[in-house]
Number of protein chains: 2
Amino acid sequence: MTEQPDLTPTPPTPLEQAKTQFIQLWGASAANWGINRTMAQMHALLLVSPEPLSTEDLMTQLQISRGNASMTVRDLIDWGLVYKELRAGERREFYVAEKDMLQVTRCIIRERKRRELDAMKRSLDQLATLPGDENDPNYREFHRTLTDIQQIADGADRVLGGLMRAERNWFLDKFLRLFM
Amino acid sequence: MTEQPDLTPTPPTPLEQAKTQFIQLWGASAANWGINRTMAQMHALLLVSPEPLSTEDLMTQLQISRGNASMTVRDLIDWGLVYKELRAGERREFYVAEKDMLQVTRCIIRERKRRELDAMKRSLDQLATLPGDENDPNYREFHRTLTDIQQIADGADRVLGGLMRAERNWFLDKFLRLFM
DNA sequence: CACAAGTTTCAATAATTATTGAAACTTGTG
DNA sequence: CACAAGTTTCAATAATTATTGAAACTTGTG
């Protein structure tokens, strides 16, 4: 009599449940900020994994297709949040997350600043060059709005630039002192 | 021979074109950050309008339905970015944007902090309470990740809180000094 | 070079999110 | 109270965004 392989999955441990909840939380938070949910979920999964994971691992743990896993992991690598790990004599690839959360924060700030803030500033600069009649309230309001937003954008640029260059304790230390 | 009403729309002036481009830009930027595009477009339109606009104005200028206009303007009011203006003897309502961009920035920061950061912090706190075996690498990695993210979240909380309380010149002045 | 063991691409499709528009509602006036 | 002139709600639908999965590709090995 041969042993039947046990196909009933073992119930998840509390730790596994908590991991799943964390993955969901990270995914939902990212989605609120216009970042692909699956990308953030994969990031969370890799963050809490002590070992590098294979594509197969990512697919089963997140329940996504191979194509999705491939595209999403590439995005994470592009962001600088995940590294590819190749093993001698292994054909398949493994992936590890950057674990230093300060470094992670810098990557995220850098990418978002580059992709959105910098692009927006260029467009604003271009629109703000429009000449017009200072006595036309429509022109005045348009121009005032643009220059005001440019000021804010410049401020945001500097704040984000500063945060990117911030050393480990600035976040909790300097800012505390500065603002409290 | 009666005069035919001229139905061909006059071609847009350069200023009108620039306004439209600005509305598109503001909408696209917001969409990148997970904010409804139409809401941002309406906000942009009201920002550059020297006069309050009626629902009808919003509908025609943004080419949206009455229902959409109604819902979107309400969201803007909820965010504190737009005020309702009632006129004596007029049944319809007019809307004006908050024009002080520093105030606008504070509103946006306040809302996003409240809706996303605060909610996330609560969930993180809850997940971080999970007890476990410090010798289990899975638990160690999970717990390290959570506490690291909590630190970043606390830092972000303080930075945003500080920015909200910032006076007019902090953005361009203090931050310049602090980070450059 | 043929094959095995993977990864990547992308057109088709599914899932999600935003919008419409008609009905219900509100509010002021004769 | 009936009506006019608006606003709001929300189920149906449209538009957008994300995902699948099969075919094409890559790369190392006998």
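Below, each value reflects all heavy atoms present in this structure, side chains not excepted, and no hydrogens, waters or symmetry copies. What you see is a predicted model, and the numbers here were worked out from it, not measured in a lab. All chains are named by letter (A, B, ...) in the order of the sequence lines, taking the proteins before the strands, and each is independently numbered beginning at 1.
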N/O (side chain, A/T38) to phosphate O (OP1/OP2, D/dA18) under 4.0 Å: no

When rounded to whole Å, the CG to P distance for the pair B/N36 and D/dA15 reads 16 Å

B/M71 side-chain proximity, nearest of C/dT20, C/dT7, C/dA18: C/dT20

Considering only C/dT9, D/dG21, C/dT20, which nucleotide approaches the side chain of A/S70 most closely? C/dT9

Kindly say if B/T55 contacts the phosphate of D/dT7, meaning a side-chain N or O under 4.0 Å from OP1 or OP2. yes

Closer than 3.5 angstrom, by distance alone: can the side chain of A/S70 be matched with the main-chain N or O of A/R66 as a donor-acceptor pair? no

Should the pair A/K19-A/E16 be classified as a salt bridge under the 4.0 Å nitrogen-to-oxygen rule? no

Interatomic distance where CD1 belongs to B/I64 and P belongs to D/dA15 [whole Å]: 15 Å

Only pairs with both distances under 3.5 Å count, Watson-Crick or wobble alike; so what is the partner of D/dA15 in this structure? C/dT16

Report yes if a side-chain nitrogen or oxygen of A/R74 is closer than 4.0 Å to either non-bridging phosphate oxygen (OP1 or OP2) of C/dT7; otherwise report no. no

With both distances kept under 3.5 Å, what pairs with D/dA23, Watson-Crick or G-U wobble? C/dT8

Do the charged groups of B/E141 and B/R144 touch, with an N to O distance under 4.0 Å? yes

Measure from CD on B/Q63 to P on D/dA15 and round the result to the nearest Å. 14 Å

With side-chain hydrogen bond (donor to acceptor under 3.5 Å, both in side chains) as the test, would you mind laying out the steps for B/Y139 and B/E134 before giving the verdict? CA-CA 7 Å; B/Y139 179 73; B/E134 281 295 340; 4.8 Å; no

Which nucleotide wins on minimum distance to the side chain of A/Y95, given the candidates C/dA4, C/dT7, D/dG6? C/dT7

Rounded to whole Å, how long is the line connecting atom CZ of A/R91 with atom P of C/dG6? 7 Å

Under 3.5 Å, is there a donor-acceptor pair between the B/S54 and B/D57 side chains? yes

Give a yes/no answer on whether the side chain of B/N68 brings an N or O atom under 4.0 Å of OP1 or OP2 in C/dG21. no

How close or far is atom C1' of C/dA18 from atom CG of B/D75, stated in whole angstroms? 12 Å

Do the side-chain N or O atoms of A/R66 get closer than 4.0 angstrom to the phosphate oxygens (OP1, OP2) of C/dT7? yes

Whole-Å gap separating P (D/dT26) and NZ (A/K84): 13 Å

If only side-chain N and O atoms of A/R37 are considered, is one of them under 4.0 Å from the OP1 or OP2 phosphate oxygen of D/dT17? no

Base, sugar-phosphate, or nothing: which does A/R92 touch, judged by heavy atoms less than 4.0 Å apart? sugar-phosphate

Gap between atoms CG and C1', on B/D78 and D/dT8 respectively (whole Å): 13 Å

Tell me if the CD atom of A/E51 is crowded by more than 12 foreign heavy atoms within 6.0 Å. no

For the pair made of CD in A/E90 and C1' in C/dG6, what is the distance, rounded to whole Å? 11 Å

Return the nucleotide paired to C/dG28: Watson-Crick means purine N1 to pyrimidine N3 with N6-O4 or O6-N4, wobble means G-U with N1-O2 and O6-N3, both under 3.5 Å. D/dC3

